[in-house]
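What follows is a set of notes on a single structure, which appears directly below.
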There are 2 protein chains.
Amino acid sequence: MTLRDVSEASGVSEMTVSRVLRDKGDVSAATRAKVKDAAKRLGYVPNRIAGSLASSHVNLIAVIIPSLKNMVFPEVLSGISDGLDDTDLQPVFGVTEYRPEREEKVLFEMLSWRPAGIIIAGLEHSDPSRAMLAQAGIPVVEIMDTDGDPIDACVGISHRRAGREMGEAIVAAGYRRIGFMGTQMPLDHRARKRFEGFTRTLAKSGIEITDRDFYAGGSALTKGREMTQAMLERHPDLDFLYYSNDMIGAGGLMYLLDQGVDIPGQIGLAGFNGVELLDGLPRKLATMDACRYEIGTRAARIIAARVLGQDPGEERVQLTPRIDLGDTLIRG
Amino acid sequence: MTLRDVSEASGVSEMTVSRVLRDKGDVSAATRAKVKDAAKRLGYVPNRIAGSLASSHVNLIAVIIPSLKNMVFPEVLSGISDGLDDTDLQPVFGVTEYRPEREEKVLFEMLSWRPAGIIIAGLEHSDPSRAMLAQAGIPVVEIMDTDGDPIDACVGISHRRAGREMGEAIVAAGYRRIGFMGTQMPLDHRARKRFEGFTRTLAKSGIEITDRDFYAGGSALTKGREMTQAMLERHPDLDFLYYSNDMIGAGGLMYLLDQGVDIPGQIGLAGFNGVELLDGLPRKLATMDACRYEIGTRAARIIAARVLGQDPGEERVQLTPRIDLGDTLIRG
DNA sequence: CCTTAGGAGGGGACTGCTCTATCCAGTTGA
DNA sequence: TCAACTGGATAGAGCAGTCCCCTCCTAAGG
């Protein structure tokens, strides 16, 4: 089923059929109708592979993210999808599982389809990946993070600063014996940067983290409970627990409520991400919004503008995450 | 940057370069090394658009799902991704937002890339969509649901049966005044089928739903709280609440625990999906596993086998969801 | 020692399907 | 009558794969 079939069925040249289907060039209304009718009758679906090869235009935007298991990324994808909605650009997703070698592979695969642009999470990439991104000759937007040197454009928040601000709020509130719980992911650079920003800020006030723990796999809520229990058994005198994400934070919160602990009096809590989930918990966990959806839309707008040859405006966008003290952090 | 550039840089024909890069045909180790070296030095990324056009082989599997906002689908995607992992097939995702006209558009877009197979959620499609699927001439696997006539292959669970079994468990446990809460989505056929199976089963025992309510948008957990409160104000004598998904069910559970209601003595609760989240709640919500991950892997295996010309085995797979009574449904 | 078969290594020509660029014929209007 | 369009056709390009062919070397047979 090709242009030829449609052209034969409608009695005009392939050229004319192509023009009708792409709404380009001048074709009389009568011919147009004839062609469209034939195409519909035959169930013709244009072959974009041939089309893209001929025109060297591809309407795909490659989107590379670490994971789908964490709700953070689907939200970014929604933003991208919405930001691209009024263009004919189409996002295509690839998942790296936080592994650099996977990232390389996924990137290579994606580039082999000659997309019109790339949106990729993070600023840390292997040398081959950076080389591919730089050489591709298409707009590249690195998202989520702004602590580092972008290859091209960039939209995100500063995770160092996010960690710092939370640290400041905690110190200001008077907490001093602080425990940290996070995910066991050396390759999650954003979590690492938050942690660094956090500890560095505490250090300025002469405070050192009392305990820390990392987990891998399993239900985040359950892990949050277990880790919190274990940490408090090790250090019953902790007065604050900072979690690297809201899910384990929520688990910790549930555990402490079960135990009848006074929150935020005896122990304060904070997470990160601002997940919607928190709104329904008995006590609202302090957190920090990661601007996920907006990151998606802004990145998409930059890509769209660049691809369509318009002015993309600001190309290094640093969004400001809002801290939300919720009910689990005393106002300092 | 094309095969020609690599061929010129390495001093062999384009043909030989192509063979080296695809690991096909006999090429001496020396030549192979020379070519690979040149390709790497130039940062050559093969053009799959041209490759696919030439070979009429595309390694893409189109995956069409209603939404990314519900964790159900990312889990299915993980399954698909894992199921395809040992092949060179690559999933490509499209999202319909539960809208048939979006589905048509997404399907058309995807088919225009001539994928090797399609995995699509649900059995209900518009006539044009069905026509496209049937005419595409590639394996089609409809997933999530088995209540209906698949176009080709099919992997899922029976949502009617899921509703029925939950209804039976509730009746067996002795509950009689039952309320239902769900999402306001006429186009979520699976939720509808569960509801039908549920009410029909109750009817057999002479029970009619006492109240029902539907919501749209907003945080599911919060909505669950609000709807539960509202429904109990309307009907304080309800003794069971069935939620169409675990998130609103969890919200309801939180509300009732806050209120000090005896669960499951005074009021029983059940949700649907078996989301991981439930494991960390103070009380485990009764639910039913939707086999999300397995649906993904099975669908992927069928597609892979068909595409590779192997025996796909069973092509109409009905999985059996396990009911989990948790702590919120008296054992009947 | 020569012949010959066979295989390994590599090249040439053409193809896939659509789009771009260019060109032509017919029409319209001044 | 000629210029300016309009509707439509023809030719060629885009890049890598398939099919088929050729060359050269090795090894076995006579």
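For clarity, every value in this text was computed on a predicted model and none was experimentally measured. Within every chain, numbering begins at 1; the chains are lettered A, B, ... in the order of the sequence lines, protein sequences first and strands thereafter.
Closest to the B:Asp26 side chain, of the nucleotides C:dC17, C:dG9, D:dA16, is C:dG9. Counting only heavy atoms from C-beta on, A:Met15 has its side chain closest to C:dC19 among C:dG9, D:dG7, C:dC19. Of the candidates D:dG8, D:dC15, C:dT18, D:dG8 carries the atom nearest the A:Thr16 side chain, counting heavy atoms from C-beta on.
One interatomic measurement links the two molecules: CG of A:Leu3 to P of C:dC19, which rounds to 6 Å at whole-angstrom precision. Atom C1' of nucleotide C:dG16 and atom CZ of A:Arg4 are separated by 11 Å, given to the nearest angstrom. Rounded to whole angstrom, the span from the CG atom of B:Asn47 across to the P atom of C:dG16 amounts to 19 Å. Taking atom CG of residue B:Leu21 and atom C1' of nucleotide C:dG10, one finds them 15 Å apart after rounding to whole Å. Put simply, CE on B:Met1 is 14 Å from C1' on D:dC15, counting in whole angstrom units. To the nearest angstrom, P of D:dG14 lies 14 Å from NE2 of A:His57. If you measure from atom NZ of B:Lys24 to atom P of C:dG9, you get 17 Å, rounded to the nearest angstrom. One atom, CD1 of B:Ile49, and another, C1' of D:dG14, lie 10 Å apart when rounded to the nearest Å.
Proximity of B:Ser28 to the phosphate of C:dG10: a side-chain N or O atom is located under 4.0 Å from OP1 or OP2. Contact check, A:Arg22 against C:dT20: a side-chain N or O comes under 4.0 Å of OP1 or OP2. An OP1 or OP2 oxygen of C:dC19 is reached within less than 4.0 angstrom by a side-chain nitrogen or oxygen of A:Ser18. Here A:Thr31 reaches the OP1 or OP2 of D:dG8: one of its side-chain N or O atoms lies under 4.0 Å away. Within the structure, a side-chain polar atom (N or O) of A:Ser13 is placed less than 4.0 Å from OP1 or OP2 of D:dA9. Side-chain N/O atoms of B:Ser55 include none lying less than 4.0 angstrom from OP1 or OP2 on D:dT18. For D:dA16, one of the phosphate oxygens OP1 or OP2 lies less than 4.0 angstrom from a side-chain nitrogen or oxygen of B:Tyr44.
Just one residue in the list B:Arg190, B:Arg192, B:Lys193 forms a salt bridge (Lys or Arg N to Asp or Glu O under 4.0 Å) with B:Asp145, and that residue is B:Lys193.
For B:Arg32 against C:dG9, a side-chain-to-base donor-acceptor contact under 3.5 Å is absent.
B:Arg32 and B:Asp26 are not joined by a salt bridge, as no carboxylate oxygen comes within less than 4.0 angstrom of a charged side-chain nitrogen. A salt bridge does not link A:Asp88 to A:Arg22: none of the charged nitrogens lies less than 4.0 Å from a carboxylate oxygen. Ion pair A:Glu101/A:Arg99 flagged as a salt bridge, since at least one NZ, NE, NH1 or NH2 atom sits closer than 4.0 Å to an Asp/Glu carboxylate oxygen.
Taking for each of B:Gly11 and B:Ala50 the nucleotide of DNA chain C with the nearest heavy atom, the 5'-most of the two is the partner of B:Gly11. For B:Arg19 and B:Leu53, each mapped to the nucleotide of DNA chain D holding its nearest heavy atom, the one lying further toward the 5' end belongs to B:Leu53.
In terms of heavy-atom proximity, B:Leu68 sits nearest to A:Met71 at O-CE, 4.1 Å. Pairing each heavy atom of A:Val317 with each of A:Thr146, the nearest pair is O-CG2, 3.7 Å.
Using a 4.0 Å heavy-atom distance criterion, B:Val17 is classed as making no nucleic acid contact.
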